[in-house]
**Q** 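Below are the structure tokens for one structure; questions will follow.
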Amino acid sequence: MGDDRRVARILLERRGRTYAEDAGIRLADRPGPLYQLLVLATLLSTRIRAGVAVAAARELFAAGYRTPQAMEAASWQDRVDALGRGHYRRYDERTSTMLGTGARLCLDRWRGDLRRLHREAGGEPAALRRLLTEFPGIGPTGADIFLREVQVVWADLRPYADRRALSGAERLGLPRSPDRLAGLVRPGDFGRLASALVRVALGEESPGEVARAAGR
């Protein structure tokens with residue numbers, strides 16, 4: 001266990017940033033940051049590099065589309081242009097449409113506040129996944145991304161580790177159980193650990209280098 005804790009600590013030191021942080025989202029249990037995370041999860045759901053999705057999210061937010069009201073009010077072309085500035089070009093037109101439709105759904109169903117979604121689901125991951133997949137562009141993978149990242153502020157979800165995070169754990173020789181992984185770090189660090197494990201699964205971090213740094 002001590003060996004595993006050392007690996008987890010090294011991994012956090014090397015890759016302990018969530019994708020939300022990379023996208024410039026100051027995640028908090030408030031309507032604006034939660035909606036921004038939904039946008040990021042939508043962008044990360046397509047078959048495109050995570051770095052491109054993060055860059056596209058930053059461009060959308062820089063253009064002022066940080067709330068569902070602003071996203072819906074933007075023209076379809078304005079959203080396409082912002083996505084293009086982030087080099088999100090293969091799916092820009094379809095994604096622009098999905099973002100507009102999703103913003104309207106967020107306003108109509110949740111009054112622009114995803115805390116209402118959290119309360120309706122009672123914090124149950126299965127119920128949250130079902131509600132999240134009602135948004136266009138958010139399938140099971142997108143729901144997993146949202147829940148993996150939002151556990152930083154929705155503590156009742158911890159420990160949440162999706163298939164990719166568990167794959168990264170396997171490559172590092174760490175436990176494939178969310179509960180056992182959670183025992184390796186402080187509770188507040190688990191969301192960061194889950195994101196770091198995803199980076200291992202996606203090849204953004206070398207398991208061998210982490211193991212060497214941990215003295216394995």
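Counting begins at 1 with the first residue of the sequence.
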**Q** Quick check against the 3.5 Å criterion: does Arg129 have a side-chain atom that pairs as donor or acceptor with the backbone of Ala143?
**A**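 Checking the backbone N and O of Ala143 against the side chain of Arg129, no donor-acceptor pair under 3.5 Å is found.
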
**Q** Measure the spacing between CZ of Arg30 and CZ of Arg26 and express it to the nearest 0.5 Å.
**A**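 So the CZ of Arg30 and the CZ of Arg26 are separated by 9.0 Å.
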
**Q** Are Leu114 and Pro31 close enough that some pair of their side-chain heavy atoms sits under 4.5 Å apart?
**A**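 Result no, sub-4.5 Å side-chain heavy-atom pair not found.
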
**Q** Answer yes or no: is there a side-chain heavy-atom contact under 4.5 Å between Pro159 and Leu181?
**A** no

**Q** Considering only residues two or more places apart or on different chains, which pairs with a residue in residues 76-103 satisfy salt bridge (charged side-chain N to carboxylate O under 4.0 Å, His left out)?
**A** Glu59-Arg85

**Q** List in chain and number order the residues that pass side chain to side chain contact (heavy atoms under 4.5 Å, CB included) with Thr42, two or more places apart in sequence or in another chain; answer none if no residue qualifies.
**A**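 Scan of Thr42 (side chain to side chain contact (heavy atoms under 4.5 Å, CB included), adjacent residues dropped) gives Leu99, Ile138.
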
**Q** Determine which pairs satisfy ring-ring contact (aromatic ring centres under 6.0 Å, His included) with at least one residue from residues 148-177, sequence neighbours left out, and list them in order.
**A** His118-Trp154, Phe146-Trp154

**Q** Would you mind reporting whether Leu174 and Leu197 have side-chain heavy atoms less than 4.5 Å apart?
**A** yes

**Q** Which residues satisfy the side chain to side chain donor-acceptor pair (under 3.5 Å) test with Arg9, sequence neighbours excluded?
**A**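 By the side chain to side chain donor-acceptor pair (under 3.5 Å) rule, Arg9 matches Glu13.
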
**Q** Roughly how far, to the nearest 0.5 Å, is CG of Leu12 from CG of Leu184?
**A**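 CG of Leu12 is found 9.5 Å from CG of Leu184.
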
**Q** Say whether Val54 and Val150 are linked into one hydrophobic cluster, either directly or through other cluster members, by side-chain heavy-atom distances under 4.5 angstrom.
**A** yes

**Q** Which residues pass the side chain to side chain contact (heavy atoms under 4.5 Å, CB included) test with Arg109, sequence neighbours left out?
**A**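 In terms of side chain to side chain contact (heavy atoms under 4.5 Å, CB included), with neighbours along the sequence ignored, Arg109 is linked to Leu105, Glu120, Leu131, Glu134.
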
**Q** What salt bridge (charged side-chain N to carboxylate O under 4.0 Å, His left out) pairs are there with at least one residue in residues 184-199, not counting sequence neighbours?
**A** Asp22-Arg199, Arg186-Asp189, Asp189-Arg192, Arg199-Glu204

**Q** Hydrophobic clustering (ILVMFWY, side-chain heavy atoms < 4.5 Å, transitive) - are Leu157 and Val198 grouped together?
**A** yes

**Q** With rounding to the nearest 0.5 Å, note down the distance linking CD1 in Ile48 to CG in Leu43.
**A**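 So the CD1 of Ile48 and the CG of Leu43 are separated by 8.5 Å.
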
**Q** Quick one: which residue pairs count as a salt bridge (charged side-chain N to carboxylate O under 4.0 Å, His left out) with a foot in residues 153-175, not counting sequence neighbours?
**A** Arg148-Asp162, Glu170-Arg176

**Q** Rounded to the nearest 0.5 Å, what separates atom CD in Gln36 from atom CZ in Phe61?
**A** 5.0 Å

**Q** Membership question, hydrophobic clusters at under 4.5 Å side-chain separation (ILVMFWY): are Ile145 and Tyr88 in the same one?
**A** yes

**Q** Run the side chain to side chain contact (heavy atoms under 4.5 Å, CB included) test against Val152 and tell me which residues pass, sequence neighbours left out.
**A** Thr18, Leu27

**Q** Kindly give the cluster partners of Trp76, where membership spreads through any ILVMFWY side chain lying under 4.5 Å from a current member.
**A**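 Besides Trp76, the cluster holds Val80.
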
**Q** In chain order, what residues pass the side chain to side chain donor-acceptor pair (under 3.5 Å) check against Ser195, with sequence neighbours excluded?
**A** Glu149

**Q** Hey, could you give me the CG/SG distance between Leu117 and Cys106, rounded to the nearest 0.5 Å?
**A**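 The distance works out to 8.5 Å.
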
**Q** Can you list everything that forms a side chain to side chain contact (heavy atoms under 4.5 Å, CB included) with Ala103? Sequence neighbours excluded, please.
**A**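 Ala103: side chain to side chain contact (heavy atoms under 4.5 Å, CB included) contacts with Tyr35, Pro68, Met71, Glu72.
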
**Q** Would you list the pairs meeting side chain to side chain donor-acceptor pair (under 3.5 Å) in which at least one residue belongs to residues 47-58, sequence neighbours left out?
**A**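 Checked against side chain to side chain donor-acceptor pair (under 3.5 Å) - neighbours excluded - no pair reaches residues 47-58.
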
